[in-house]
Amino acid sequence: MENQKLPNATAVLVLGIVSILTCCCYGLVGLILGIIALVLAKKDMELYKASPEKFSNYQNLNVGRILAIIGVVINVVSLVYFIWIISYFGLDALQDPALMQEKIKQLQGM
C-alpha cells in the first residue's frame, strides 16, 4: 500500500514561506498567513499522530510549521515596530519630510 500525503502539508509550507516574505507589509499580511499555516499544521499533525505509518510527507509539514512560527514572530516584531514609529513620530511627520527631519533631529538631541 502506498503512503498518503498529508492534505495540508504543501499549503502549510507555502504559507510559512510567504509569511516570512511578507513581513514588510506592516506585519499584518504575514501574521495572518502564519496563523493560518499554524492552524492547518495543527490539524495535519493530529492526523499524523493518529497513524504515522499512513503518511509520507510529514517533513514538509514540520518545516512549514517551523517557518510559520518564524514568520509569526518576525511579523509581530514588525507590527510592534510600525506601531511604535507611528505613535512616536505621528502620521503628520510620516507624510511631511521636513517635519520628519525635525523629529529625527530632536530624537538625536541636536
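Atom set for the values below is all heavy atoms of this structure, side chains included, hydrogens, waters and symmetry mates excluded.
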List the atom of [X], the atom of [Y], and the distance in Å for their closest heavy-atom pair.
{"X": "Gly34", "Y": "Ala68", "value": "O-CB, 3.8 Å"}
{"X": "Gly30", "Y": "Ser19", "value": "O-CB, 3.3 Å"}
{"X": "Ala41", "Y": "Val12", "value": "N-CG2, 3.6 Å"}
{"X": "Asn75", "Y": "Thr22", "value": "OD1-O, 3.8 Å"}

Nearest 0.5 angstrom please: [X] [atom1] to [Y] [atom2], how far?
{"X": "Tyr81", "Y": "Cys23", "atom1": "OH", "atom2": "SG", "value": "12.5 Å"}
{"X": "Tyr88", "Y": "Lys103", "atom1": "OH", "atom2": "NZ", "value": "8.0 Å"}
{"X": "Leu6", "Y": "Lys54", "atom1": "CG", "atom2": "NZ", "value": "10.5 Å"}
{"X": "Phe82", "Y": "Ser87", "atom1": "CZ", "atom2": "OG", "value": "13.0 Å"}
{"X": "Arg65", "Y": "Leu15", "atom1": "CZ", "atom2": "CG", "value": "15.0 Å"}
{"X": "Gln4", "Y": "Leu47", "atom1": "CD", "atom2": "CG", "value": "9.0 Å"}

Please tell me whether [X] and [Y] are part of a single hydrophobic cluster in this structure, the criterion being side-chain heavy atoms less than 4.5 Å apart.
{"X": "Tyr26", "Y": "Ile83", "value": "no"}
{"X": "Val73", "Y": "Ile20", "value": "no"}
{"X": "Val63", "Y": "Val14", "value": "no"}
{"X": "Leu28", "Y": "Val76", "value": "yes"}
{"X": "Ile69", "Y": "Leu67", "value": "no"}

**Report entry** Glu53 CD: over 12 foreign heavy atoms closer than 6.0 Å
**Finding:**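 Counting other residues, nucleotides and ligands, CD of Glu53 exceeds 12 neighbours.
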
When you look at CZ of Phe55, are more than 12 heavy atoms from neighbouring residues, nucleotides or ligands closer to it than 6.0 Å? yes

With a 3.5 Å distance limit and no angle check, can you tell me whether Ser78 reaches the backbone of Ile74 through a side-chain donor-acceptor pair?
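Answer holds: no.
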
Please check this pair: side chain of Asn57 against backbone of Lys5, looking for a donor-acceptor N/O pair closer than 3.5 Å.
no

Less than 4.5 Å apart, side chain to side chain, heavy atoms only: is that true for [X] and [Y]?
{"X": "Leu99", "Y": "Phe89", "value": "no"}
{"X": "Met100", "Y": "Leu94", "value": "yes"}
{"X": "Met45", "Y": "Tyr58", "value": "yes"}

Applying side-chain contact (heavy atoms from CB on, under 4.5 Å) to Leu40 and Asp44, what does each step give before you reach the verdict?
CA-CA 6 Å; Leu40 292 174; Asp44 272 9; over 6 Å; no

